[in-house]
Protein chains: 2
Amino acid sequence: MSYTIGQVAEMMGVTPSTLRYYDQEGLLPKVNRVNGIRVFEDSDFAWLRILNCLKNTNMPIKKIKEYVELAKLGDSSLKERYEIIKEQKQNILEQIEQFKYYLREIEFKEWYYETAIKEGTEKNMMEKMKNNPSFDLDEIPKNTKLKNK
Amino acid sequence: MSYTIGQVAEMMGVTPSTLRYYDQEGLLPKVNRVNGIRVFEDSDFAWLRILNCLKNTNMPIKKIKEYVELAKLGDSSLKERYEIIKEQKQNILEQIEQFKYYLREIEFKEWYYETAIKEGTEKNMMEKMKNNPSFDLDEIPKNTKLKNK
DNA sequence: CCTTGACTTAAAGTTAACTTTAAGTGATAT
DNA sequence: ATATCACTTAAAGTTAACTTTAAGTCAAGG
């Protein structure tokens, strides 16, 4: 089965322009053409899946390109590609942990507003907050946004 | 206790320029000045914490600003602020779920490389993959990057 | 035959979130 | 007293990741 750029874009939830941009940046190395028109095959979907995964977990386009270039080298780059994947796995794990932390923080704020709304005012919240077990004065967690070099 | 912009920047893991930029964008509404110099007080830290939380969970600066403007209105905006917090909580939950999904995907790729490296080649991986229980041909999950309007 | 719609390119434009620069102020250390 | 920091502003510059535009090709339907 083969697909047009529009169909693939639809499947991935992006626009055809975005896919053309990825192609231009070298992220779609083995997509065929017929009369100049891109024709996506089922065999391209394994790569589209992993591309989607790397992109949606905040790997920059440039780093994804590095990965693509390594893949083009074949077996000799297996180890390097493995390292990139392990690094990205680590990034994902850290991002999940961060988000779980911020979830607790926002749930505290949710409680804050629920309580204030019941009262009709947030004037007395300073007092109330001391009785909430989530109220503590940790440091501000540092911004640890991943840079992927 | 009071702090300079440099100290606060250090605590938050950003540069002083970034904090000045936030101030310019109206994200630091009640920071005092002495001789034109910003003086952060302990009382500012509650807001710095929530700012940090919203920012690091991908709420755009503009949306954070909206939230700040609502907060300035006092009790009359409690409900609207509550809605923003609930919405952001939802975003965080969705982002965690997405990341968990991509974690499974990348762990599959990790297994792929471990196996290929043992073999010294990825030539036979198509065959091997069929025996891995994680190998399935779901749709490509759509990009559901949150826009926060 | 001609219109419609989906595809093509190269190049310019957009947006968010900073970051840098240039010029200046003011307290502290030598 | 002078050099060195850390602070200040306004404005210009940067970067990533698209997005839009303009001009064109091509196959299918009425």
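Convention: sequence-line order gives letters A, B, ...; per-chain numbering from 1. Atoms considered below: every heavy atom in the structure, side chains included; atoms not considered: hydrogens, waters and symmetry mates. Computed from a prediction, not measured in an experiment: that's the story for all the values here.
A:Tyr22 is not connected to A:Ile37 by any chain of hydrophobic side-chain contacts under 4.5 Å among Ile, Leu, Val, Met, Phe, Trp and Tyr, and they are in different clusters.
Atom OH of B:Tyr21 is separated from atom P of C:dT21 by 19 Å (rounded to the nearest Å). Atom-to-atom, NZ of B:Lys63 to P of C:dA17 comes out at 13 Å; the value is rounded to the nearest Å. Rounded to whole Å, the distance from NZ on A:Lys62 to P on D:dC18 is 14 Å. Put simply, OH on A:Tyr22 is 8 Å from P on D:dT19, counting in whole angstrom units. The nearest whole Å value for the distance from the CG atom in B:Asn32 to the P atom in D:dC7 is 17 Å. Nucleotide D:dC18 holds its C1' atom 14 Å from the CE atom of A:Met12, rounded to whole Å. Distance B:Asn58 CG to D:dA16 P: 18 Å, rounded to the nearest Å. Rounded to a whole Å, the CG atom of A:Leu19 is 15 Å from the P atom of D:dT20.
Partners of A:Arg104 by side-chain contact (heavy atoms from CB on, under 4.5 Å), not counting sequence neighbours, listed by chain and number: A:Tyr101.
Using modelled atom types, no side-chain atom of A:Thr18 and backbone atom of A:Val14 make a donor-acceptor pair closer than 3.5 Å.
Put simply, B:Thr15 has no side-chain N or O that comes within less than 4.0 Å of OP1 or OP2 on C:dC18.
A salt bridge links B:Arg38 with B:Asp23: the distance from a Lys NZ or Arg NE/NH1/NH2 to an Asp or Glu carboxylate oxygen falls below 4.0 Å.
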*If a protein heavy atom is under 4.0 Å from the base, mark B; if only from the sugar-phosphate, S; if neither, -; do that for nucleotides 6-12 of chain C going 5' to 3'.*
-SBB---

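Looking at every heavy atom in both residues, A:Glu110 comes nearest to B:Lys89 through OE1-NZ, 3.1 Å.
Remark: aromatic rings of B:Tyr3 and B:Phe45 are close, center separation under 6.0 Å.
Here the nucleotide nearest the side chain of A:Thr18, chosen from D:dA17, C:dC18, D:dT19, is D:dT19.
Annotation: cation-pi geometry not satisfied between A:Lys79 and A:Tyr82 (NZ/CZ under 6.0 angstrom from ring centroid, within 45° of ring axis).
Counting any heavy atom pair closer than 4.0 Å across all strands shown, B:Ser17 reaches a base atom.
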